[in-house]
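Since the structure comes first, as structure tokens, the remarks are kept for the end.
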Amino acid sequence: MSDTSTRETPFAPIHDPSTRGFASDNYAGIHPEVLAAIVAANGGHQVAYGEDVYTARLAEVLSDVFGTQALVYPVFNGTGANVLALQACTPRWASVLTTSSAHIHVDEAAAPERVGGFKVNVIDTPDGKLTPDLIRAYPARVEDEHFAQVGVVSITNSTEVGTVYTAAEIRAIADLVHELGWVLHLDGSRLSNAAAALGIGLRELTTDAGVDILSLGGTKGGAMLAEAAVVLSPERVAGTTFLRKQSMQLASKMRFVSAQLLALFEGDLWRRNAEHANAMARRLADGVAGIEGVTLVTQVEANAVFPILPREVSERLMERFRFYFWDETTGQVRWMCAWDTTESDVDAFVEAVRAELG
């Protein structure tokens, strides 16, 4: 039998690697250190379905990051992490309360309802953030058997509109949520960006702030496909091991998912990548701030910029730089910066905006 383990297979890119855009941090490739971790994990055989040394090491690392009580469940994607986490802490009869801009409400094709089997109730917020006052004012109809009783509050940090919860803001929400007998979930697809923006650690924004279960993001921070549901309050969460398989999020070759998260979180790569993406967003906002015709309606707090431009200008720019409309009615767009966004990328885009607006 011939040995094919070291045979080289020529493969050339079929895309233009110089193409850049500001549509999403998901557009970026894999960080070289993460790619190296995948390659390093590739030799020989390891036990499947998470009984490998990389997944075991990841459990140790995230116990150091979030506390010894933390239980980690690597999954393929952010929607999977959210559905798994919310299923594990939402009673069969209960609903999840979140913001009207939340990813679980707007951008997950009703997966929480269809796959998770629970209703998502929403509160309108001016900045994408819940507060204790907003939660108290919500008509929860406690003990009303005609209403899906709230069992979980879900927040996102950084939020879908680019704002950042401080640790104190999360603690205030957690205290109220626990007083009401509910559970606090945090969608942390961009948690690294939030922590980097505040200059604090991941634990300070989660475990220490009262979060019970976390969807930990890796893909937007430089991984290929690597997220995790992290249980921070095991006494409030049950069945995660079984629900992951039922949700089709149990990877057979889990070592390659875990190796990516190890590359990000065993050291400071998560912070370096997030700080860079945040800095590029600030550079972008500063660059267009003085251009007549550009309105910056929000302050940049993480790695997103939400300006308003004339629609025809945005449409012309989109032919060269991919990005999305955020609010079709106002012409507001979203520009995202990633771990690999360069100063040259930003400066070239700023000049294109300036040229379009004369």
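Predicted model only: the values in this text are computed from it and were never measured. Just so you know, these numbers use all the heavy atoms, side chains as well, and skip hydrogens, waters and symmetry mates. Quick note: residue numbers are just sequence positions, from 1.
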Test: [X] and [Y] ion pair at under 4.0 Å:
X    : Y    : result
D340 : R20  : yes
R283 : D347 : yes
D133 : R136 : yes

Residues in side-chain hydrogen bond (donor to acceptor under 3.5 Å, both in side chains) with R114, at least two apart? none

Residues [X] and [Y]: side-chain donor-acceptor under 3.5 angstrom:
X    : Y    : value
E227 : S189 : no
S215 : D187 : no
D345 : T342 : yes

Does the plane of the ring in [X] sit parallel, tilted or perpendicular to the ring in [Y]? Use 30° and 60° as the thresholds.
X    : Y    : value
Y27  : Y324 : perpendicular
F321 : F22  : tilted
H31  : W339 : tilted

Might you point out which heavy atoms bring S100 and V106 nearest each other, and give the distance in Å?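 Shortest heavy-atom separation between S100 and V106 comes out as O-CG2, 3.2 Å.
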
Quick one: do R57 and E266 satisfy side chain to side chain contact (heavy atoms under 4.5 Å, CB included)? Show the steps, please. CA-CA 9 Å; R57 177 60 183 158; E266 189 166 20; 2.7 Å; yes

Verify side chain to side chain contact (heavy atoms under 4.5 Å, CB included) between E160 and D107, making sure each step is shown before the conclusion. CA-CA 10 Å; E160 290 77 9; D107 288 308; 5.6 Å; no

